[in-house]
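A quick write-up on the structure given underneath.
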Amino acid sequence: MESKRGHVLLYYLSGQRVLDYLHNAVDTERKMTKLLSCGPENHPNAVEKLLATQRTLAKANRVQLREIAQLLAHKFLHSEVRESVVCVHREDADIDFMNVLANELVPHGILCLVTVGSDKGAGQFLLAGPDDLVSVLGPKVSECLAGKGGGRKGRYQGKATKLSERQKARSEER
């Protein structure tokens, strides 16, 4: 039952629809019981527990990806042969990973191209470095990766449909 503008809307089922609805409800309950390994009365608690665990694991994953980005930046900055251009790809990362890596490398004058997503499919990219280089190379990298993007102040980011063309984009940077 639902009130709307002074009227009451009453939803009901009758006939075969009642039986179909009941069949679907029982089938769903049976599947949930099997998946959650508990009785129907404990389904809400089990789902809440799973969601809390998922949130905790997602937070831990974000923290670890941030640490990986910082370690990669440290590795690039303290290597014997210091490169002026860095290209990093990580399939399981996100925009935070790209930003942390760029924030660590760009102040040292390093041009970096960071891509995340499936190797053979679509994903995201970030080109960061000196303003003059990024403004020239950003559209070229975007074109190589068959992507769309934009940016300002030493950053050019966007979505790419062909991350498999990373090596071609890297050669554009040099």
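This one's a predicted model, so the numbers in the text were calculated from it and none came from an experiment.
- V100 is not listed as a side-chain neighbour of L65, based on a closest heavy-atom distance of 4.5 Å or more.
- Note: K31 NZ to K34 NZ = 10.0 Å, rounded to the nearest 0.5 Å.
- Considering only residues two or more places apart in sequence or on other chains, N103 meets the side chain to side chain donor-acceptor pair (under 3.5 Å) condition with R155.
- Side-chain atoms of N99 and I95, non-hydrogen and from C-beta on, do get closer than 4.5 Å to each other.
- Between E104 and Q70 the shortest side-chain heavy-atom distance falls below 4.5 Å.
- Side-chain heavy atoms closer than 4.5 Å link hydrophobic residues (I, L, V, M, F, W, Y) into clusters, and following such links, possibly through other members, connects L105 to I68.
- The neighbour count for H108 NE2, taken as heavy atoms of other residues, nucleotides or ligands under 6.0 Å away, is above 12.
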For a quick test of your reading: what N or O donor-acceptor pairs under 3.5 Å do the side chains of residues 109-127 make, sequence neighbours left out?
from, atom 1, to, atom 2, distance (Å)
T115, OG1, H89, ND1, 2.8
D119, OD1, H89, NE2, 3.1
D119, OD1, R166, NH1, 3.0
D119, OD1, R166, NH2, 3.4

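- Note on F76 and L71: separate hydrophobic clusters, where clusters join Ile, Leu, Val, Met, Phe, Trp and Tyr whose side-chain heavy atoms are under 4.5 Å apart, directly or indirectly.
- Rounding to the nearest 0.5 Å gives a distance of 10.0 Å between CG of L22 and CD of E29.
- Residue-environment remark: CD (E143) stays at or below the threshold of 12 foreign heavy atoms within 6.0 Å.
- The side chain to side chain donor-acceptor pair (under 3.5 Å) test applied to Q54 returns no partner, not counting sequence neighbours.
- Scored by the ring pair (Phe, Tyr, Trp, His ring centres under 6.0 Å) test, H43 finds no partners at all (sequence neighbours excluded).
- At a threshold of 4.5 Å between non-hydrogen side-chain atoms, the residues T53 and L51 do not count as touching.
- Using modelled atom types, one side-chain atom of T161 and one backbone atom of A146 make a donor-acceptor pair closer than 3.5 Å.
- A distance-only check finds a donor-acceptor pair linking the side chain of T56 to the backbone of A52 [under 3.5 Å].
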Point to revise | Audit row: F97, D92, side-chain contact (heavy atoms from CB on, under 4.5 Å) steps and yes/no | key: CA-CA 10 Å; F97 175 84; D92 59 347; over 6 Å; no
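- Annotation: side chain of L101 is in contact with side chain of L72 (closest heavy-atom distance under 4.5 Å).
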**Study point:** Test log, rule side-chain contact (heavy atoms from CB on, under 4.5 Å), inputs Y11 and L9
**Key:** CA-CA 6 Å; Y11 296 102; L9 300 176; 4.1 Å; yes
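- The ring pair (Phe, Tyr, Trp, His ring centres under 6.0 Å) test applied to H7 returns no partner, not counting sequence neighbours.
- For N45, there are no side chain to side chain donor-acceptor pair (under 3.5 Å) partners at least two apart in sequence or on another chain.
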